[in-house]
Amino acid sequence: GKEAALFVASGTMGNQVALKALTQPGDEVIAEAGSHCYNFEGGGLAFNSGVQVRPLIRTRGVITAEQVEEAIRPENEHFPRTRVVVVENTHNQAGGTVFPLEEVVRIRQVAERHNLLMHLDGARLWNACAATGLRPEDYARHFDTVSVCLSKGLGAPVGSVLTGPADFIAEARKARKRLGGAMRQA
């Protein structure tokens, strides 16, 4: 259900490219404390994008709209600019917890009120769909950008796909190139 897409080598690269294209150095990204982009991407958000993560602690990996609203920084020169909310579905560190669609919708409403972007680390999105009976686009429509792993739920040997608006994918293509991911074979 997205306008454009870009092949990347891994889920980590998908998240890193997405957040690089969505942020500026000094911005802040809200994510659950056990999320992949915060814990398992080698400090890539700080290294590649110059952004910090505002980790929210929640049982079984599901943050709430109220937590997101509370974590948004006020406009002030002393604070980083809150820019993106990241949701991981399914949540790896939480044993494959499916992020409830109803909470995604509530978080989206908060994001819209505060002019924030939303990124779905959908590495295991097909697993969430198998568990709920929902379609990938049922989740994806609430996010500006979505990364899905071909090597997880679909069992492909390698790769992920980053999706979003065409202008975002044009920026993401540049970020992918800078990270060494412009594979002619793909």
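Note that the structure is predicted; figures quoted are calculated from it, not measured.
Between the side chain of D144 and the backbone N or O of M118, at least one donor-acceptor pair lies under 3.5 Å. Without hydrogens or angle criteria, R83 side chain to L117 main chain gives no donor-acceptor distance under 3.5 Å. Proximity of a side-chain donor or acceptor of Q67 to a complementary backbone N or O of I57 within less than 3.5 Å is detected. Using a distance-only test at 3.5 Å, with no hydrogens or angles considered, a donor-acceptor pair links the side chain of T82 to the main chain of R73. Looking only at distances, no side-chain donor or acceptor of K174 sits under 3.5 Å from a matching main-chain atom of I169. Counting only distance, with no hydrogens or angles, the side chain of R54 and the backbone of V68 share no donor-acceptor pair below 3.5 Å.
Atom CD of E75 sits in a sparse spot, with 12 or fewer heavy atoms from other residues, nucleotides or ligands closer than 6.0 Å.
By the 4.5 Å heavy-atom criterion applied to side chains, V105 and H142 are counted as neighbours. V51 places none of its side-chain heavy atoms less than 4.5 Å from the side chain of L19. V86 is not listed as a side-chain neighbour of I30, based on a closest heavy-atom distance of 4.5 Å or more. Side chains of V158 and L150 form no contact here, defined as non-hydrogen atoms less than 4.5 Å apart. Counting heavy atoms from C-beta outward, D167 and E171 have side chains that stay 4.5 Å or more apart. Side-chain atoms of S160 and M13, non-hydrogen and from C-beta on, never get closer than 4.5 Å to each other. In this structure the side chain of V29 reaches within 4.5 angstrom of the side chain of T23, judged on heavy atoms. For the pair E28/V53, no side-chain contact is recorded, criterion being any heavy-atom separation below 4.5 Å from C-beta on.
Across all non-hydrogen atoms, the minimal contact from F7 to R176 is O-NH1, 2.7 Å. A pairwise comparison of heavy atoms in V17 and A172 identifies CG1-O, 3.3 Å as the closest pair. Across G11 and C149, no two heavy atoms sit closer than the pair CA-SG, 3.6 Å. The two residues C129 and P136 have their closest heavy-atom pair at SG-N, 3.4 Å. A pairwise comparison of heavy atoms in K177 and A182 identifies CD-CB, 3.6 Å as the closest pair. Here the closest heavy-atom approach between residue T163 and residue F168 is recorded as O-CE2, 4.0 Å.
The side-chain hydrogen bond (donor to acceptor under 3.5 Å, both in side chains) test applied to E137 returns R135, not counting sequence neighbours.
Atom NZ of K20 and atom CZ of R178 lie 7.0 Å apart (nearest 0.5 Å). Taking CG from L125 and CD from E88, the interatomic distance works out to 11.5 Å, rounded to the nearest 0.5 Å. Rounding to the nearest 0.5 Å places CG of N48 at 10.5 Å from OG1 of T12. With values rounded to the nearest 0.5 angstrom, Y139 atom OH is found 5.0 Å from N89 atom CG. For the atom pair N115 CG and R81 CZ, the distance stands at 9.0 Å (nearest 0.5 Å). Residue T145 holds its OG1 atom at 8.0 Å from CG of L120, rounded to the nearest 0.5 Å.
In this structure, V87 is a member of the same hydrophobic cluster as W126, with clusters built from ILVMFWY side-chain heavy atoms closer than 4.5 Å. Cluster annotation: V146 and V161 are assigned to the same hydrophobic cluster (Ile/Leu/Val/Met/Phe/Trp/Tyr, side-chain heavy-atom contacts under 4.5 Å, transitive). F79 and I72 are members of different hydrophobic clusters when ILVMFWY side chains are connected at heavy-atom separations under 4.5 Å. Under the 4.5 Å side-chain contact rule for hydrophobic residues, I107 and F143 share a cluster. In the hydrophobic cluster analysis, where Ile, Leu, Val, Met, Phe, Trp and Tyr join through side-chain heavy atoms closer than 4.5 angstrom, F47 is grouped apart from L45.
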Exercise for the section: Mind running side chain to side chain contact (heavy atoms under 4.5 Å, CB included) on F99 and D121 for me, showing each step along the way? Expected result: CA-CA 11 Å; F99 206 103; D121 175 352; over 6 Å; no

Exercise for the section: Please test E102 against R106 for salt bridge (charged side-chain N to carboxylate O under 4.0 Å, His left out), starting from the C-alpha separation and ending with a verdict. Expected result: CA-CA 6 Å; E102 300 77 23; R106 293 179 67 239; over 6 Å; no

Practice task
Take T132 and V98, measure what side chain to side chain contact (heavy atoms under 4.5 Å, CB included) needs, and give me the verdict at the end.
Solution key: CA-CA 8 Å; T132 62; V98 175; 3.7 Å; yes

Practice task
Report the C-alpha separation of E70 and E66 in whole Å, then their side-chain angles, then the decisive distance to 0.1 Å, and conclude whether the side chain to side chain contact (heavy atoms under 4.5 Å, CB included) test is met.
Solution key: CA-CA 6 Å; E70 187 177 299; E66 290 80 12; over 6 Å; no

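Checking T97 against R60 by side-chain atom types alone, a donor-acceptor pair falls below 3.5 Å.
Residues in residues 32-41 take part in these side-chain hydrogen bond (donor to acceptor under 3.5 Å, both in side chains) pairs, two or more places apart or across chains: N15-E41, Q16-E41, E32-H91, H36-E41.
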